[in-house]
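What follows is a set of notes on a single structure, which appears directly below.
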Amino acid sequence: MNAKRVQGFISQNVIYIVLVVLIIGIAIYDPAFLGLNPLRDVLNQSSTRVIIALGVAFILITGGTDLSAGRIVGLSAVVSASMLQTTEYARRFFPNMHELPLIVPILLAIIVGLVFGLINGVIVAKFKVPPFIATLGTMVAVYGVNSLYFDTDPNNSQPIGGLRKGFTDLFGTGSIGYGGVSIPNIVVIAIIVSIIVWVIFNKTRLGKNMYAIGGNQQAAKVSGINVGKNLVFIYAIAGALYGLAGVLEAARTGGATNNYGNMYELDAIAACVVGGVSTTGGIGTVPGVVTGVLIFTVINYGLTFIGVSPYWQLIIKGSIIVAAVAFDMRKYAAKK
């Protein structure tokens, strides 16, 4: 009986165990990894990735996938950055534009993300295009739109810099705290977003419908759920989260180019899968997704911290992804 309990505990908490083991292993090699600065860096680097992964989780739980997430992040970053440069900057994207209130470019960038998420939802729900193909097409199209916008005269594909200090401080480098302990604002935003998404997943009709659609779409239809309408809403919310992540990424890095967000969707999908979001749909939690992101950030940052080659990091990440999917499929086969 004790062995079964131990096995059940490990099965239910394997991702948290993996995260703890990674941290302990790196700390044994270099105890400095447990300091406040490395912890702050890990959380800071995870913040935008968490928001992107939560957006992707919406789609994966319905049984779909989203390959356009990274490119939508990139477009939103470029849109917000292009309108938030200081008036003294020599290479302004819009030379004659007056300084706008911060909220205007931020909301516009989020709306851009929402619109493309909405387009994904309509293509999937109304035209019955498989999510993989629909979002693949959107991914390519969004990159084209972003590149055309980025190449607009007088910018002509130059990296966008010179962002207003109020923007970068508030959403990028700024922090709140007392004494020697502080939390970056961007981490606080990621925590707030995670709480909101948790509420949607667990306390709203949309969340319940999302799990039902992912569990069995035909059964969801029979039970009276408007699958198409729910899918459109879900893809739109995911797009808005990508838009917000793009804004935060521009603030965090102090600029933007049309290549921002490249391959972010693959990292987000990997984090979701490792965090327990089922590849077959219907299963996934916010704490799991956040932990999945933290696992990959600890791998990237922690192994670099102790001098491990980036190539070994890729091997370790790939092995974890395959193991997570294999474990997920084993559980799915056992249920059948």
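- The closest side-chain heavy-atom distance from Leu108 to Ser80 is not below 4.5 Å.
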Next on the checklist: Evaluate Met139 against Glu265 for side-chain contact (heavy atoms from CB on, under 4.5 Å), listing each step before the verdict.
Outcome noted: CA-CA 10 Å; Met139 175 185 74; Glu265 67 281 348; 4.1 Å; yes
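- Checking side-chain atoms of Ser175 against main-chain N and O of Pro184 turns up no donor-acceptor pair under 3.5 Å.
- Classification of the Tyr301-Phe33 ring pair by plane angle, with boundaries at 30° and 60°, yields tilted.
- Between the side chain of Tyr211 and the backbone N or O of Gly284 there is at least one donor-acceptor pair closer than 3.5 Å.
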Item to check | Stepwise side-chain contact (heavy atoms from CB on, under 4.5 Å) test for Asp267 and Phe296 | outcome: CA-CA 8 Å; Asp267 287 343; Phe296 283 116; over 6 Å; no
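- In this structure, a donor-acceptor pair under 3.5 Å is absent between the side chains of Asn262 and Tyr143.
- Using a 4.5 Å heavy-atom threshold, the side chains of Val286 and Leu54 count as touching.
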Item to check | Evaluation steps, side-chain contact (heavy atoms from CB on, under 4.5 Å), between Val273 and Val277 | outcome: CA-CA 5 Å; Val273 172; Val277 179; 5.8 Å; no
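- Side-chain contact between Val247 and Phe167: present, with at least one pair of heavy atoms (C-beta onward) separated by less than 4.5 Å.
- Looking at Ser82, its side chain does come within 3.5 Å of a backbone N or O of Val79 through a donor-acceptor pair.
- Side-chain atoms of Asn146 and Asn258 form no donor-acceptor pair, as typed in the model, at a separation below 3.5 Å.
- Side-chain atoms of Ser157 and Asp151 form a donor-acceptor pair, as typed in the model, at a separation below 3.5 Å.
- By the neighbour-count criterion of 12 heavy atoms within 6.0 Å, atom CD1 of Ile315 is densely surrounded, having more than that number from other residues, nucleotides or ligands.
- Using a 4.5 Å cut-off on side-chain heavy atoms (C-beta onward), Val289 and Val50 make no contact.
- Checked by atom type, the side-chain pair Arg92/Thr87 shows no donor-acceptor distance below 3.5 Å.
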Next on the checklist: Under the criterion side-chain contact (heavy atoms from CB on, under 4.5 Å), I'd like the reasoning laid out for Ile299 against Leu22: C-alpha separation, chi angles, the key distance, then a yes or no.
Outcome noted: CA-CA 8 Å; Ile299 290 173; Leu22 278 170; 3.9 Å; yes
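- Considering only heavy atoms from C-beta on, Val124 comes within 4.5 Å of Pro131 through its side chain.
- The six-membered or imidazole ring of Tyr149 lies near that of Phe93, with a centre-to-centre distance under 6.0 Å.
- Side chain of Asn13 to main chain of Tyr16: no donor-acceptor pair is present (N/O by atom type, distance under 3.5 Å, no hydrogens or angles).
- Counting only heavy atoms from C-beta outward, the side chains of Phe305 and Pro38 approach each other to under 4.5 Å.
- When each of Asn300, Asp41, Thr297 is tested with Ser46 by the rule side-chain hydrogen bond (donor to acceptor under 3.5 Å, both in side chains), just one qualifies, namely Thr297.
- Taking the six-membered ring wherever Trp is involved, the centroid distance between the rings of Phe58 and Phe201 falls below 6.0 Å.
- Of the possible donor and acceptor atoms, none in the side chain of Gln85 sits under 3.5 Å from a partner among the backbone N and O of Arg164.
- In this structure, the side chains of Pro95 and Pro154 come closer than 4.5 Å at one or more pairs of heavy atoms.
- A continuous path of Ile, Leu, Val, Met, Phe, Trp and Tyr side chains, each step under 4.5 Å between heavy atoms, connects Val290 with Val193, placing both in one hydrophobic cluster.
- Arg252 forms no cation-pi arrangement with Phe171, by the criterion of a distance under 6.0 Å to the ring centre and an angle within 45° of the ring axis.
- Two residues are said to be in side-chain contact when any heavy atoms from C-beta on lie closer than 4.5 Å; Ser68 and Asn120 meet this criterion.
- For the residue pair Glu249 and Tyr264, a side-chain donor N or O sits within less than 3.5 Å of a side-chain acceptor on the partner.
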